[in-house]
Amino acid sequence: MIRLTVDKLTTGMVLAQDVTRDDGVILMGKGAAVSEDAIRLLERLDIESVVVEGDLFASEEERQAYLKEAEEQLDLRFSRVEDDKVLMAIREMFRARIKKGCLPPPPPKPEPEETDGFVVRFDGE
Amino acid sequence: MVLEEAAAKKRVQLLKNLPTLPGMIDKISRAVESKRFSAADIGKLISRDQVLTAKVLKLANSAFFGFSRKVGSLTQALVLLGFDVVKGLILTSSVFDLMKNKGEDLWRHSMGVASAAAIIATEVGMPDAEEASLAGLLHDLGKVVIRVHMPDDSASINELVEVEGLALREAEREVLGFNHTQVGQWLAESWKLPEQLSEPIRWHHKPEGSRAAPQMTAAVHLADCLVRGFGYGDGGDPWVPPLDRFALKQLGLNSQKLENIVAELCEKLSSANGASMGS
Ligand SMILES: [Fe+2]
Ligand SMILES: [Fe+2]
């Protein structure tokens, strides 16, 4: 499964998790096909992102390259604590997870500066 | 040295007036202290500020917080979570508002640490996972203040991190003579935060310093290490800091518990499964 922002949805995708409102009410159920109407509805309801079936990668090579990069980043983050046995154990726990596809989301794109209004966003949980 | 100290103190004094809290907090604090008001009264008081209300509820209900029940109203939030937690949520949204769009990465880091602290607290059987979550959310508040109120110093600090490869807290000390944990402590004092929140803010990089809340502080310390290890958000530099042994002992962790914590954290924060928290 993969989490996509609503603007990246295309028709024919299938929801892999329920879409719920803040108060827990289910808006669209797991397994539902994404239609034009559904996308418009999600936009109107201000839903930031949903989880759909599918994969991030177009090919196996692409996946491997991505995982390799993720592992290199992992090693870099732990590069200053290599003499700590516990942290090394933790690093390997993370590595095992990464190999199963459990990856941190990519960093958010910096947004254009805005000068007015509220800006910290608490959306999309 | 004397000069440096004087300069640092002056800065501190400048900082102490900042950031100003919503006048709301004051009013509410007084209402709470007077004990003549019910949760419903206080809920009503906060509800007058609709933007704030929306934010507090959204935070309270967001997946990372791990509150077991959906919180539908402010009154309910006050009853379920208590005033200190609601106050903490208000503070968090006020302070992060200061950062505007620039703070997405630190916001994410804070959400991640909130998540991890709650997972740790639950795994080791601490009674207050929700408070741990809040302590995690607040732990790096000092960084926000430094970025927003000391932009020039902040630029020098970032340069030291990027060019010299210093850890952020070392760079802060180098440039300012103090680091974000101290700034956080000044804020916590002026906001009268309880020790369960202020001690993790002050001691999360040096957990043995905590006298009044060593376990909570240890949980936030480990949470910070884990979230950096997983690479979720950005705490100001890319490196996992040393893991304090005192903290591990405080938490009574063994490798099985640690494994459980890591598994749950990955699950929660990963791009596929987890809530994509706050953008
Ligand atoms: Fe910190
Ligand atoms: Fe941190």
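Chain A is the first sequence line, chain B the second, and so forth, proteins listed ahead of strands; every chain is numbered from 1.
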Heavy-atom pairs under 4.5 Å with chain A: which of B:G229, B:C225, B:P241 has the most?
B:G229
Is A:M93 close to B:L258 at the side-chain level, that is, under 4.5 Å between some pair of heavy atoms?
yes
Beyond-backbone contact of A:I90 with B:V240, side-chain heavy atoms, under 4.5 angstrom
no
Quick check on A:E71: does its CD atom have over 12 non-hydrogen neighbours (other residues, nucleotides or ligands) under 6.0 Å away?
yes
More than 12 heavy atoms from other groups under 6.0 Å of NZ on B:K257
yes
To the nearest 0.5 Å, tell me how far A:I98 CD1 sits from B:F230 CZ.
7.0 Å
Specify the closest pair of heavy atoms between [X] and [Y], including all atoms of both residues, with the distance to one decimal.
X      : Y      : value
B:W239 : A:L76  : CD1-O, 3.7 Å
B:G231 : A:P104 : O-CB, 3.6 Å
B:L265 : A:F94  : CD2-CZ, 4.5 Å

Measure distances from A:R77 to the heavy atoms of chain B and classify the residue's part below 4.5 Å as side chain, backbone, both or neither.
both
Is chain B contacted by the side chain of A:V86, its backbone, both, or neither, given a heavy-atom distance below 4.5 Å?
both
Max heavy-atom pair count under 4.5 Å with chain B, selected residue of A:R80, A:R97, A:K100, A:Q73:
A:R80
Check ion pair A:D84-B:R245 (N to O, under 4.0 angstrom)
yes
Select one option (side chain, backbone, both, neither) describing which atoms of B:L248 are under 4.5 Å from chain A's heavy atoms.
side chain
